Amino acid sequence: MDYFFFVKNFVDEAADNARIAGKTIDTDTVAKEFQRTLKNAFTDAQFSVLLMTTGFIPDLYANDSSEETLYSKLVEVLVCEWADRMGFSGEYVKQKASFEDVTIRLESSVIVCDAKSFRLGRSQAAPNVKDFLKLEDIRKWLARHPNKLGGLVAYPDTHEWATSSDAYQYCSTKDAPTVMLPYKYLALLLNFKEDYDTSNLRKLWDYERIFPEPLKKTMAGGNKKQYWEAINREIVSITRIRPKDFEDFLYCADMKINECVKANLQLLIDKRNELVKTIRQEVDSLDAAQLRESLSEFRIKSETKIIDSLIGRIQEFRL
């Protein structure tokens, strides 16, 4: 449970401290403090659990809030820390416009990484592909690095497509080789790092061999199955993990992720119950006149919401 809310608690504490001081959150300072904490307080095994259950932006954070921004930044720091523990070098990019989230250096080669965070309560099972990956962005990011290896999209695997998606086609395109890996896969690669030469992971971007042709969305059986069969086969070959150990690790990771999702769900349920209790207490304290006024205000707000929105748009955009 401590792992499930570790990043959230770090964000909440930083936000509270900033409010008390009457300042905005200093994202870079908090990110550096977070990275120091990861290095000093987590073994590789503990960090793997934290990593596999990461990437879930708390649903109660306001959209585009400083808390949401900081949470996403700390997930990028987690990916940097993963790279460092793998024997690579990871650096989160402070300049956001038209830049990758994380630059990973594997020996002399560069991987540009997009570290994704999503809300569990988003309206679709999987994100729109344009919110997940823009291949032209990957090409642009790679063009800045002379020794480019390819792209990496890291994400929480609860947000994935059922059978087919343009995402698998884009992530099997060899002119901009971009590997998509859930955070549980990064945890797996770290967990078994003593059993193989981590520099051999560069083979994951050998798309001339792995994906000689992009996996079309319309292919028989769906391109999701084809993508993961190819990537899993390659990872098992590179890491020399026994297939059973590979499957067991991912199974245990799925169980841990499921626990994490349930814990986040319970957090929302508890918040709702708390709000309901507060509302009932406040209503019980009102007299008849106050109740009538409260009901009137509620109905006015709820039943004129659409009209008020239309009026506002006309006033803002048409006059």
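These numbers come from the heavy atoms of this one structure, side chains and all, not from hydrogens, waters or symmetry mates. Owing to the predicted nature of the structure, the values given are computational and were not obtained by experimental measurement.
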Could you tell me whether the side chain of [X] and the main chain of [Y] form a donor-acceptor pair under 3.5 Å?
X      : Y      : result
Asp157 : Pro182 : no
Arg105 : Gly90  : no
Asp206 : Arg202 : no
Thr304 : Ile307 : no
Lys116 : Asp131 : yes
Ser172 : Leu215 : yes
Asp197 : Ser199 : yes
Glu68  : Asp64  : yes
Lys305 : Lys301 : no
Ser164 : Asn223 : yes

Can you find a heavy atom in the side chain of [X] that is under 4.5 Å from one in the side chain of [Y]?
X      : Y      : value
Gln46  : Leu50  : no
Leu181 : Ile231 : yes
Thr54  : Tyr3   : no
Trp205 : Leu152 : yes
Met219 : Gln169 : no
Trp141 : Ile138 : yes
Met180 : Tyr170 : no
Val261 : Thr158 : yes

- Note on the structure: Only one of Trp82, Phe6, Phe34 passes ring-ring contact (aromatic ring centres under 6.0 Å, His included) with Phe42, and that residue is Phe6
Taking all non-hydrogen atoms of both residues, which atom of [X] and which atom of [Y] are closest, and how far apart?
X      : Y      : result
Phe211 : Cys171 : CE1-O, 4.1 Å
Leu60  : Arg119 : N-NH1, 4.4 Å
Ser89  : Asp84  : CA-OD1, 3.6 Å
Ala14  : Leu70  : CB-CD2, 3.9 Å
Lys73  : Ala31  : CG-CB, 4.2 Å
Ile25  : Ala18  : CG1-CB, 3.9 Å

Could you tell me whether [X] atom [atom1] has more than 12 heavy atoms of other residues or ligands within 6.0 Å of it?
X      : atom1 : result
Lys262 : NZ    : no
Lys256 : NZ    : no
Lys174 : NZ    : yes
Gln290 : CD    : yes

[X] [atom1] to [Y] [atom2] distance, which is reported to the nearest 0.5 Å:
X      : Y      : atom1 : atom2 : value
Asn128 : Ser165 : CG    : OG    : 10.0 Å
Tyr207 : Thr178 : OH    : OG1   : 6.5 Å
Tyr196 : Thr239 : OH    : OG1   : 6.5 Å
Thr173 : Glu213 : OG1   : CD    : 10.0 Å
Leu106 : Thr198 : CG    : OG1   : 7.0 Å
Leu190 : Ser48  : CG    : OG    : 4.0 Å

- Task: Run through Val102, Val93, Thr103 and flag the one making a side chain to side chain contact (heavy atoms under 4.5 Å, CB included) with Cys113.
- Result: Val102
- Task: Please say which of Lys216, Lys217, Lys224 ends up in a side chain to side chain contact (heavy atoms under 4.5 Å, CB included) with Tyr168.
- Result: Lys224
- Any chance you could lay out the salt bridge (charged side-chain N to carboxylate O under 4.0 Å, His left out) test for Asp44 and Arg85, step after step, and finish with the verdict? CA-CA 8 Å; Asp44 283 352; Arg85 289 176 185 242; 2.8 Å; yes
- Note on the structure: Quick note, ring-ring contact (aromatic ring centres under 6.0 Å, His included) partners involving residues 46-68, not counting sequence neighbours, are none
- Item | Evaluation steps, ring-ring contact (aromatic ring centres under 6.0 Å, His included), between Tyr227 and Trp161 | CA-CA 12 Å; Tyr227 177 85; Trp161 299 267; over 10 Å; no
For residues 269-281, run the donor-acceptor check on the side chains, cut-off 3.5 Å, and write out each pair with its distance to 0.1 Å, sequence neighbours left out.
from   : atom 1 : to     : atom 2 : distance (Å)
Asp270 : OD1    : Gln266 : NE2    : 2.9
Asn273 : ND2    : Ile269 : O      : 3.4
Thr278 : OG1    : Glu274 : O      : 3.0

- Message: Applying salt bridge (charged side-chain N to carboxylate O under 4.0 Å, His left out), can you list everything that pairs with Lys8, at least two apart in sequence or on another chain?
- Response: Asp12
- Show the numbers, then the answer: is there a side chain to side chain donor-acceptor pair (under 3.5 Å) between Ser309 and Arg313? CA-CA 6 Å; Ser309 176; Arg313 290 174 193 170; 3.3 Å; yes
- Task: Treat each ILVMFWY residue as a node, draw an edge where side-chain heavy atoms are under 4.5 Å apart, and state whether Trp228 and Tyr183 are in one component.
- Result: yes
- Message: Test salt bridge (charged side-chain N to carboxylate O under 4.0 Å, His left out) on Glu136 and Arg139; report intermediate values, then the result.
- Response: CA-CA 5 Å; Glu136 284 307 313; Arg139 292 188 178 100; 2.5 Å; yes
